[in-house]
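To keep things clear, I will list the structure first and then write my remarks on it.
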Amino acid sequence: MQKLLNDPADVVVEALAGMAAAHPDDLLVDMEQRVVSRRGGPVRGKVGLVSGGGSGHEPLHAGYVGPGMLDAACCGEVFTSPVPDQFVTALRTADGGAGVLHVVKNYTGDVLNAEMAAELLATEDGPQVEIVVTDDDVAVQDSLYTAGRRGVGGTVLLEKVVGAAAEEGRDLSGCAELARDVNARTRSMGVALGPCTVPAAGVPTFELEEGQMELGVGIHGEPGRRRVPLGTAREIAAALVEPVVADLGLRRGDAVVTLLNGMGGTPLLELYLMFNEVRAVLDAAGVTVARSLVGNYITSLEMAGCSVTLLRADDEVVRLWDAPVATPGLRWGA
Amino acid sequence: MQKLLNDPADVVVEALAGMAAAHPDDLLVDMEQRVVSRRGGPVRGKVGLVSGGGSGHEPLHAGYVGPGMLDAACCGEVFTSPVPDQFVTALRTADGGAGVLHVVKNYTGDVLNAEMAAELLATEDGPQVEIVVTDDDVAVQDSLYTAGRRGVGGTVLLEKVVGAAAEEGRDLSGCAELARDVNARTRSMGVALGPCTVPAAGVPTFELEEGQMELGVGIHGEPGRRRVPLGTAREIAAALVEPVVADLGLRRGDAVVTLLNGMGGTPLLELYLMFNEVRAVLDAAGVTVARSLVGNYITSLEMAGCSVTLLRADDEVVRLWDAPVATPGLRWGA
Amino acid sequence: MTTLTAFQAWLADCSAVIEQQAEHLTELDRAIGDGDHGTNMARGFRRCAELAEEEQFASIDAYLKKVGMTLVGTVGGASGPLYGTFFLRLAGPLSAAPDVDARPLAQALRAGVDGIVARGRAEVGDKTMYDAFAPALEAFESALAAGSGTAECLRAAAEAAARGRDGTEPLVARKGRASYLGERSAGHVDPGASSAVLILEAAARTLG
Amino acid sequence: MTTLTAFQAWLADCSAVIEQQAEHLTELDRAIGDGDHGTNMARGFRRCAELAEEEQFASIDAYLKKVGMTLVGTVGGASGPLYGTFFLRLAGPLSAAPDVDARPLAQALRAGVDGIVARGRAEVGDKTMYDAFAPALEAFESALAAGSGTAECLRAAAEAAARGRDGTEPLVARKGRASYLGERSAGHVDPGASSAVLILEAAARTLG
Ligand SMILES: Nc1ncnc2c1ncn2[C@@H]1O[C@H](COP(=O)(O)OP(=O)(O)O)[C@@H](O)[C@H]1O
Ligand SMILES: Nc1ncnc2c1ncn2[C@@H]1O[C@H](COP(=O)(O)OP(=O)(O)O)[C@@H](O)[C@H]1O
Ligand SMILES: [Mg+2]
Ligand SMILES: [Mg+2]
Ligand SMILES: [Mg+2]
Ligand SMILES: [Mg+2]
């Protein structure tokens with residue numbers, strides 16, 4: 001395994017120690033509970049915004065802690081949901097008295113641990129907590145009889161938009177409503193051109209012959225829905241964007257916030273090239289790109305590949321998008 | 001080759017088209033000459049700051065165009081210096097009447113093409129141009145009889161610091177002097193844990209068995225000075241930091257700006273973990289980290305590995321470092 | 001009659017066998033999940049095995065509650081809350097008893113398995129650990145009804161669990177991470193069903 | 001006497017052979033450089049080969065100047081300015097002449113090679129293209145002094161260049177990218193020396 005590591009079992013704590021050292025003025029890291037929060041502590045009277053999940057998706061989530069986005073995040077083992085105690089600590093840390101919105105990506109582990117955390121807090125007279133589950137991955141069918149769709153790139157956009165609303169003073173139910181609305185108008189689709197290696201496992205998550213790709217992957221190094229011949233960037237853009245546009249029901253004249261996300265091991269050069277193709281597909285559909293992000297925002301360790309996320313935009317979404325944000329992973333206007 | 005591409009020959013132009021689309025309000029892209037500049041055009045009376053080089057190092061250099069950093073950048077083929085015409089266009093584009101500082105990484109190709117550009121401009125009564133060559137890589141010995149040391153991570157720090165000085169109104173010779181001073185107080189060292197693939201070549205730049213690493217690599221996917229057994233992060237940090245500290249002659253009580261740079265294919269999780277080790281080595285040497293950057297700032301496509309750059313800091317350097325910058329690749333205070 | 005010591009031996013056995021099978025469990029999870037099931041389980045059960053040395057437990061139920069909480073607090077992922085809930089609920093019917101025979105054990109097992117369903121909402125055939133637990137519970141109860149003692153009931157449960165686990169192979173997953181793979185999840189044994197068998201086999205070795 | 005048409009044939013030949021050897025050149029550059037020499041050269045010489053079809057040239061020197069400028073403007077990297085300068089300087093001694101024999105060709109070759117040295121400041125033994133050009137120039141001049149005609153002089157030059165190229169293999173590079181490898185650069189033939197041989201062999205085939 002070709003990785004920068006000491007003991008693979010310590011990768012998360014050691015990375016958190018590095019994160020604390022790299023952002024001493026901005027972040028506070030509870031090494032015991034692996035909770036990252038804003039150095040200033042919770043903002044009194046502001047709804048707290050919390051997320052968390054397995055590690056290996058950096059900068060998500062801890063890298064999105066800061067003014068304009070999250071108040072706290074907790075970090076599980078690589079690709080493993082945090083345990084309830086971690087969520088409890090993050091939720092308590094983020095509470096400024098106005099309640100906490102807990103953004104949970106829709107994975108069985110994340111949802112179950114978040115539910116247990118909510119149960120624990122309810123018995124402990126903790127802060128008021130609203131859970132919002134993100135499930136934007138169109139590769140997976142939405143169904144009541146399954147685990148449902150995965151939460152992927154839409155989570156980043158949601159954390160930015162809802163973070164701005166919380167900063168503006170929106171109350172807990174208003175933030176929760178906005179979050180559910182953003183989730184409802186966001187869809188994603190991803191592709192892998194190569195696997196990644198979980199440090200504790202030491203071997204790649206799958207094998208892929210040259211000239212093949214995994215279409216419809218999530219962010220856990222897992223294989224996708226289908227293994228198909230590697231297409232050109234143009235073909236891949238169509239394969240990613242078209243299902244998203246269809247599922248969102250986008251029409252000529254609609255506008256979107258676009259995230260062209262790298263999975264971690266694909267160079268920015270290729271991501272910009274892909275963005276050019278994505279934009280061309282959207283152009284052809286008459287959909288305007290109101291705002292965009294191109295880069296590694298929700299990764300799967302060093303997986304090669306990318307995902308496309310579209311958020312149907314209106315003036316309000318764009319306004320909240322443009323609001324200042326100052327986190328290690330996303331920063332503007334501050 | 002597992003890449004997001006159409007025709008490999010078009011990778012640079014297509015990526016530039018994507019870059020233009022992703023930053024429509026901030027960047028202007030001359031697709032013919034592959035020159036990226038600030039949308040507002042040159043700032044009248046400000047020294048222009050220009051750099052350029054082969055592509056494949058993104059976000060360097062085009063991603064550092066914007067207020068507080070570069071005025072223009074030109075993009076060669078992957079790992080291939082731009083041609084003189086491109087430098088000429090970039091230098092002309094950046095000229096606001098106060099002359100242009102041209103930052104050139106020390107590679108034979110870059111230096112020769114930049115020199116030819118300067119000769120062309122001299123005959124055409126173009127802007128006044130000062131060339132500053134960066135050569136911060138301690139893996140390579142500094143010698144008059146060779147091509148000398150490579151310019152690597154120090155280039156990013158220099159572009160930030162000198163960009164801030166230019167923004168403050170420092171004149172051309174002042175900017176050039178500062179740039180040479182920053183270069184003189186900056187050193188880097190890199191390691192590769194895996195190769196990368198140049199799109200036009202289609203095969204990895206070298207082969208590396210599991211459990212080996214290339215110590216002393218540059219940013220062109222080339223093998224390093226020595227192939228040695230893969231160490232722990234702790235051992236690698238020592239192997240990278242110690243020669244840099246020694247070459248800079250850092251002593252107890254000195255302060256540095258630290259760049260822990262990813263080569264493109266190493267996840268942020270590992271980079272933070274590495275930063276923790278780098279900081280520990282510096283701690284042990286009594287050297288303070290005044291400011292730091294952790295992430296992919298000067299890459300070698302999807303190479304796995306990292307480099308450490310230290311810039312000996314004083315109040316002036318820190319002040320210029322903290323000044324606002326608003327580019328796709330580096331942004332704060334704006 | 002099964003004593004606290006036996007329950008502690010059970011967890012020690014679980015930890016040992018899971019440690020030993022961790023790579024296999026991870027391998028199964030790599031095929032249709034995210035390749036962490038072995039690591040997750042080993043981390044959690046290692047902690048559980050240490051409990052007996054660190055602390056004096058007043059009763060079986062106190063001990064099993066602590067095991068459940070430990071699993072909840074260390075395993076993470078989907079299996080953490082599910083196995084955690086299993087052990088927490090297992091404790092309920094055993095409260096206060098200094099030792100137990102097959103009847104309360106059956107009640108405990110039913111409570112534990114119900115807990116898994118309450119948390120995870122899986123049905124038989126969804127390709128989860130429940131596909132091992134459901135037939136195991138049924139086999140335990142049938143054996144009990146037929147007059148068997150604890151040892152025999154547990155053996156029947158472990159064997160039924162193993163058949164249930166094997167039965168997950170052809171299934172298309174509807175719950176958990178494997179469900180994202182759709183049709184591609186067929187042809188692989190479910191990792192959680194496999195770890196469930198290890199735990200029940202350990203029970204048959206230690207609680208009987 | 002060598003005419004403009006012959007010079008144009010030279011560039012066509014260069015383009016064809018470099019295209020054909022591009023992978024080999026890149027392979028050599030991958031070993032001790034950055035793996036782009038073949039791509040760089042093919043891109044530039046392809047453009048040069050097209051010039052004759054696109055434009056009427058009044059003289060050999062006008063043509064060679066355009067070739068030099070085209071290489072400067074399309075090759076990039078270290079080899080672009082070096083080969084560009086070579087062709088730009090080659091033009092000097094040939095100015096105005098409608099056709100040339102071996103003597104002005106020798107002067108042109110010296111001017112071109114001097115240009116490479118003026119730009120790149122390489123010395124013999126630095127493991128660069130100059131290690132092919134330096135003996136080639138010497139061989140050309142010796143053959144000329146011995147009374148040989150253009151064809152023979154060029155053949156001697158190409159053969160000497162090939163020996164020079166082979167001689168780069170054991171060298172430790174002191175110039176260009178290969179110098180970063182230090183001792184590890186030994187044991188590999190220099191890519192630029194190899195492309196220089198291709199160009200001189202094409203000259204021997206077309207200008208003689
Ligand atoms: N809803 C559910 N009900 C019961 N068991 C489930 C459910 N979802 C997942 N599982 C079990 O959890 C196992 C995966 O556990 P693990 O790999 O540790 O967690 P994760 O999927 O979060 O990585 C699956 O093999 C399956 O048996
Ligand atoms: N200073 C120099 N003088 C002469 N030739 C040089 C010099 N530096 C490099 N070269 C030649 O350039 C070749 C590399 O060309 P190329 O790969 O196209 O450029 P780059 O090294 O910029 O990628 C080397 O093999 C060498 O022959
Ligand atoms: Mg997991
Ligand atoms: Mg090159
Ligand atoms: Mg798993
Ligand atoms: Mg090269």
Side-chain angles (χ1 to χ4, degrees), chain B residues 8-9 53-54 56 76-86 88 106-117 119-120 137 139-141 143-150 195-207 214 216-227 300, chain D residues 22-23 25-27 29-44 46-47 68-85 88 116 118-123 125-129 172-185 188 192:
Chain B
E77 292 294 325
V78 174
F79 295 167
T80 301
S81 159
V83 301
D85 275 357
Q86 294 182 272
V88 165
N106 188 34
Y107 299 96
T108 306
D110 295 66
V111 170
L112 295 186
N113 284 285
E115 281 173 3
M116 290 191 92
E119 290 165 19
L120 284 169
D137 187 350
V140 179
Q141 238 191 323
S143 154
L144 281 178
Y145 303 101
T146 68
R149 289 191 310 228
R150 294 174 285 217
C196 58
T197 298
V198 175
V203 283
T205 50
F206 56 80
E207 261 140 53
E214 288 282 343
V217 294
I219 52 168
H220 294 88
E222 69 272 54
R225 298 288 295 194
R226 291 187 293 138
R227 179 166 296 194
S300 189
Chain D
E23 269 193 41
L25 294 175
T26 287
E27 192 60 36
D29 196 32
R30 245 160 35 86
I32 55 170
D34 58 351
D36 61 357
H37 189 56
T39 324
N40 292 347
M41 294 293 283
R43 185 173 54 242
R46 199 179 307 134
R47 273 299 295 133
M69 279 163 52
T70 302
L71 292 175
V72 168
T74 54
V75 176
S79 49
L82 291 166
Y83 279 120
T85 301
L88 284 169
I116 288 175
R119 270 268 155 252
R121 289 172 284 270
E123 293 172 20
D126 280 357
K127 193 173 183 124
T128 72
M129 59 176 68
V172 172
R174 281 192 302 256
K175 285 282 150 57
R177 232 170 249 295
S179 68
Y180 305 140
L181 283 179
E183 303 292 330
R184 290 178 85 180
S185 63
H188 301 274

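Below, each value reflects all heavy atoms present in this structure, side chains not excepted, and no hydrogens, waters or symmetry copies. All figures in this text were calculated on a predicted structure; none of them were measured in a lab.
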Task: Best-contacting candidate, D/Gly80, D/Ser179, D/Gly73, against chain B by heavy atom pairs under 4.5 angstrom - done: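 Of the candidates given, the most pairs with chain B belong to D/Gly73.
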
Task: Side chain / backbone / both / neither for D/Thr85 at chain B, heavy atoms under 4.5 Å - done: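 For D/Thr85, side-chain heavy atoms alone lie under 4.5 Å from chain B.
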
- [ ] Using non-hydrogen atoms and a 4.5 Å limit, figure out which bit of D/Ala122 sits close to chain B: side chain, backbone, both or neither.
- [x]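 No part of it gets close to chain B.
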
Task: Under 4.5 Å from any heavy atom of chain D - which part of B/Glu119 - done: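 Looking at B/Glu119, just its side chain touches chain D.
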
- [ ] Side chain from CB out, backbone as N, CA, C, O: work out which of these in B/Val140 comes under 4.5 Å of a heavy atom of chain D, or both, or neither.
- [x]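 Only the side chain of B/Val140 comes within 4.5 Å of chain D.
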
Check: [Y] and [X] side chains under 4.5 Å, non-hydrogen atoms:
{"X": "D/Val72", "Y": "B/Met116", "result": "yes"}
{"X": "D/Asp36", "Y": "B/Val78", "result": "no"}
{"X": "D/Arg30", "Y": "B/Phe206", "result": "no"}

Who wins among [options] for the most heavy-atom pairs under 4.5 Å with chain D?
{"options": "B/Arg149, B/Glu77, B/Arg150", "result": "B/Arg150"}
{"options": "B/Ala9, B/Pro84, B/Ala200", "result": "B/Pro84"}
{"options": "B/Asp85, B/Asp110, B/Thr205", "result": "B/Thr205"}

Which heavy-atom pair separates [X] from [Y] by the least distance, and what is that distance?
{"X": "B/Thr108", "Y": "D/Gly176", "answer": "OG1-CA, 3.5 Å"}
{"X": "D/Gly77", "Y": "B/Thr80", "answer": "N-CG2, 3.3 Å"}
{"X": "D/Gly76", "Y": "B/Asn113", "answer": "C-ND2, 4.1 Å"}
{"X": "B/Tyr107", "Y": "D/Arg177", "answer": "CD2-NH1, 3.7 Å"}

Task: residues 219-226 of chain B: residues contacting chain D (heavy atom under 4.5 Å, by number) - done: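 Heavy-atom contacts from residues 219-226 of chain B to chain D are B/His220, B/Glu222, B/Pro223, B/Gly224, B/Arg225, B/Arg226.
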
TODO: Show your working on side chain to side chain contact (heavy atoms under 4.5 Å, CB included) between D/Leu82 and B/Leu112 and close with a plain yes or no.
DONE: CA-CA 8 Å; D/Leu82 291 166; B/Leu112 295 186; 3.8 Å; yes

Open item on the list: Let's go through B/Glu115 and D/Arg119 carefully: what are the C-alpha distance in whole Å and the side-chain angles of both, what is the deciding distance for side chain to side chain contact (heavy atoms under 4.5 Å, CB included) to 0.1 Å, and is it a yes or a no?
Closed with: CA-CA 9 Å; B/Glu115 281 173 3; D/Arg119 270 268 155 252; 4.0 Å; yes

Open item on the list: To the closest 0.5 Å, what do you measure between CG (D/Asp34) and CZ (B/Phe79)?
Closed with: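 The CZ atom of B/Phe79 is 7.5 Å from CG of D/Asp34, to the nearest 0.5 Å.
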
